[in-house]
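One structure below.
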Amino acid sequence: MLSKKQARTFFLGGTVVTFLVFIGLTIYSFSKEQDQSNYENITEQVVRGKQLWEANNCMGCHTILGEGAYYAPELTKVIDRRGKGYIKAVLTTPNAWAPNGRKMVAYGFSDEEAEDLIAFFDWIDDIDLNGFDTVVSPLAKDKTNN
(Lines give C-alpha, C1' and ligand atoms only; values in the text may rest on other atoms or scores of the structure.)
Protein backbone atom coordinates (compact mmCIF):
# COMPACT_ATOMS: atom_id res chain seq x y z
CA MET A 1 0.00 0.00 0.00
CA LEU A 2 1.27 3.48 -0.86
CA SER A 3 1.62 6.21 1.68
CA LYS A 4 -0.21 9.48 1.10
CA LYS A 5 2.98 11.14 -0.15
CA GLN A 6 3.79 8.24 -2.51
CA ALA A 7 0.22 8.21 -3.88
CA ARG A 8 0.38 11.98 -4.52
CA THR A 9 3.77 11.63 -6.25
CA PHE A 10 2.50 8.71 -8.33
CA PHE A 11 -0.62 10.65 -9.35
CA LEU A 12 1.28 13.84 -10.24
CA GLY A 13 4.00 11.89 -12.08
CA GLY A 14 1.41 9.97 -14.09
CA THR A 15 -0.43 13.19 -14.90
CA VAL A 16 2.76 14.88 -16.13
CA VAL A 17 3.76 11.86 -18.25
CA THR A 18 0.28 11.62 -19.76
CA PHE A 19 0.26 15.36 -20.47
CA LEU A 20 3.65 15.18 -22.19
CA VAL A 21 2.55 12.21 -24.31
CA PHE A 22 -0.61 14.11 -25.27
CA ILE A 23 1.37 17.23 -26.27
CA GLY A 24 3.87 15.11 -28.23
CA LEU A 25 1.12 13.30 -30.15
CA THR A 26 -0.63 16.60 -30.84
CA ILE A 27 2.54 18.12 -32.29
CA TYR A 28 3.12 14.96 -34.33
CA SER A 29 -0.48 15.00 -35.65
CA PHE A 30 -0.20 18.61 -36.81
CA SER A 31 3.21 18.21 -38.45
CA LYS A 32 3.38 18.82 -42.20
CA GLU A 33 4.48 15.25 -42.90
CA GLN A 34 1.25 13.91 -41.36
CA ASP A 35 -1.09 16.16 -43.36
CA GLN A 36 -3.60 13.96 -45.17
CA SER A 37 -6.11 16.68 -45.99
CA ASN A 38 -5.17 17.23 -49.64
CA TYR A 39 -5.30 20.95 -48.78
CA GLU A 40 -2.68 21.93 -51.36
CA ASN A 41 -5.01 20.86 -54.19
CA ILE A 42 -7.93 23.13 -53.29
CA THR A 43 -8.79 25.32 -56.27
CA GLU A 44 -11.43 27.99 -56.85
CA GLN A 45 -13.49 25.37 -58.66
CA VAL A 46 -13.34 23.04 -55.64
CA VAL A 47 -14.42 25.92 -53.38
CA ARG A 48 -17.37 26.73 -55.67
CA GLY A 49 -18.35 23.04 -55.65
CA LYS A 50 -18.26 22.97 -51.84
CA GLN A 51 -20.41 26.12 -51.75
CA LEU A 52 -22.93 24.47 -54.08
CA TRP A 53 -22.86 21.36 -51.88
CA GLU A 54 -23.74 23.46 -48.85
CA ALA A 55 -26.19 25.84 -50.56
CA ASN A 56 -28.27 22.93 -51.87
CA ASN A 57 -28.12 21.00 -48.58
CA CYS A 58 -26.76 17.90 -50.28
CA MET A 59 -25.69 16.60 -46.87
CA GLY A 60 -29.36 16.44 -45.94
CA CYS A 61 -29.56 13.23 -47.99
CA HIS A 62 -25.98 12.20 -48.87
CA THR A 63 -22.92 11.45 -46.77
CA ILE A 64 -19.41 12.53 -47.59
CA LEU A 65 -16.43 11.36 -45.52
CA GLY A 66 -18.96 9.68 -43.24
CA GLU A 67 -20.82 12.91 -42.41
CA GLY A 68 -24.40 13.58 -43.45
CA ALA A 69 -27.62 11.65 -43.87
CA TYR A 70 -28.08 8.09 -45.06
CA TYR A 71 -31.08 8.57 -47.34
CA ALA A 72 -28.98 8.73 -50.50
CA PRO A 73 -25.62 7.19 -51.49
CA GLU A 74 -22.28 7.94 -49.88
CA LEU A 75 -20.34 10.25 -52.21
CA THR A 76 -16.78 10.06 -50.84
CA LYS A 77 -15.41 7.95 -53.70
CA VAL A 78 -18.21 8.60 -56.20
CA ILE A 79 -15.83 9.60 -59.03
CA ASP A 80 -14.06 6.24 -58.72
CA ARG A 81 -17.34 4.32 -58.58
CA ARG A 82 -19.42 6.11 -61.22
CA GLY A 83 -17.19 8.33 -63.32
CA LYS A 84 -17.47 12.01 -64.15
CA GLY A 85 -19.85 11.57 -67.11
CA TYR A 86 -22.46 9.75 -65.05
CA ILE A 87 -22.28 12.31 -62.25
CA LYS A 88 -22.57 15.23 -64.68
CA ALA A 89 -25.62 13.61 -66.30
CA VAL A 90 -27.32 13.23 -62.91
CA LEU A 91 -26.52 16.80 -61.87
CA THR A 92 -27.65 18.45 -65.10
CA THR A 93 -30.77 16.41 -65.85
CA PRO A 94 -34.04 18.38 -65.90
CA ASN A 95 -35.89 15.31 -64.60
CA ALA A 96 -36.04 14.03 -61.05
CA TRP A 97 -33.57 11.20 -60.51
CA ALA A 98 -35.17 8.17 -58.88
CA PRO A 99 -32.89 5.12 -58.72
CA ASN A 100 -33.85 2.34 -56.30
CA GLY A 101 -37.08 4.08 -55.32
CA ARG A 102 -35.37 7.10 -53.78
CA LYS A 103 -36.02 10.41 -55.48
CA MET A 104 -33.40 13.11 -55.98
CA VAL A 105 -34.60 16.60 -56.78
CA ALA A 106 -33.88 17.73 -60.34
CA TYR A 107 -31.57 20.61 -59.56
CA GLY A 108 -30.80 21.16 -63.24
CA PHE A 109 -27.34 22.52 -62.52
CA SER A 110 -25.59 24.33 -65.35
CA ASP A 111 -22.57 22.66 -66.95
CA GLU A 112 -20.27 24.99 -64.99
CA GLU A 113 -21.99 24.21 -61.68
CA ALA A 114 -21.84 20.47 -62.42
CA GLU A 115 -18.12 20.76 -63.20
CA ASP A 116 -17.61 22.63 -59.90
CA LEU A 117 -19.36 19.87 -57.94
CA ILE A 118 -17.38 17.22 -59.83
CA ALA A 119 -14.14 19.07 -58.96
CA PHE A 120 -15.23 19.05 -55.29
CA PHE A 121 -15.97 15.30 -55.42
CA ASP A 122 -12.67 14.68 -57.22
CA TRP A 123 -10.81 16.61 -54.52
CA ILE A 124 -12.59 14.59 -51.81
CA ASP A 125 -11.64 11.37 -53.63
CA ASP A 126 -7.94 12.26 -53.31
CA ILE A 127 -7.99 12.67 -49.52
CA ASP A 128 -5.99 9.98 -47.71
CA LEU A 129 -8.52 7.87 -45.81
CA ASN A 130 -5.96 5.85 -43.84
CA GLY A 131 -6.75 2.66 -45.70
CA PHE A 132 -10.53 3.04 -45.55
CA ASP A 133 -10.72 3.44 -49.32
CA THR A 134 -13.77 1.23 -49.66
CA VAL A 135 -16.65 3.34 -48.45
CA VAL A 136 -19.91 1.46 -48.73
CA SER A 137 -23.20 3.15 -48.05
CA PRO A 138 -25.41 1.42 -45.49
CA LEU A 139 -28.04 1.46 -48.26
CA ALA A 140 -25.90 -0.93 -50.33
CA LYS A 141 -25.77 -3.80 -47.85
CA ASP A 142 -25.41 -6.41 -50.56
CA LYS A 143 -22.53 -4.61 -52.33
CA THR A 144 -18.99 -4.70 -51.01
CA ASN A 145 -15.72 -4.02 -52.83
CA ASN A 146 -13.07 -6.36 -51.49
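Note that the structure is predicted; figures quoted are calculated from it, not measured. Quick note: residue numbers are just sequence positions, from 1.
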For residues 104-111, tabulate all N or O donor-acceptor pairs below 3.5 Å that involve a side-chain atom, not counting sequence neighbours.
| residue | atom | partner | partner atom | Å |
| --- | --- | --- | --- | --- |
| Y107 | OH | N56 | O | 3.4 |
| S110 | OG | E113 | N | 3.1 |
| S110 | OG | E113 | OE1 | 3.4 |

Hey, does the side chain of T43 reach the backbone of V46 with a donor-acceptor pair shorter than 3.5 angstrom?
-> yes

d(Y86 OH, R81 CZ) to nearest 0.5 Å is 10.5 Å

Starting at CD1 of I87, measure out to CG of L75 and round the result to the nearest 0.5 Å.
-> 7.5 Å

Are F19 and I27 grouped together when hydrophobic residues (ILVMFWY) are joined by side-chain heavy atoms under 4.5 angstrom apart?
-> yes

To the nearest 0.5 Å, what is the distance between CE (M59) and CG (L65)?
-> 8.0 Å

Tell me, with the steps shown, if K84 and D122 meet side chain to side chain contact (heavy atoms under 4.5 Å, CB included).
-> CA-CA 9 Å; K84 293 179 182 182; D122 202 20; 3.5 Å; yes

Aromatic ring pairing F120/W53, orientation class (parallel under 30°, perpendicular over 60°, tilted between) = tilted

Short side-chain to backbone donor-acceptor contact, D125 and I79, under 3.5 Å | yes

Qualifying residues under salt bridge (charged side-chain N to carboxylate O under 4.0 Å, His left out), relative to E54, sequence neighbours excluded = K50

Take I64 and F121 through the test side chain to side chain contact (heavy atoms under 4.5 Å, CB included) and record every step on the way to the result.
-> CA-CA 9 Å; I64 202 157; F121 295 143; 4.0 Å; yes

Pairs in or reaching into residues 87-96: which pass salt bridge (charged side-chain N to carboxylate O under 4.0 Å, His left out), with residues at least two apart or in two chains?
-> K88-E115

Neighbour count above 12 (heavy atom, 6.0 Å) for F11 CZ | no

Between atom OH of Y71 and atom NE2 of H62, what is the distance when rounded to the nearest 0.5 Å?
-> 10.0 Å

To the nearest 0.5 Å, tell me how far E112 CD sits from L117 CG.
-> 11.0 Å

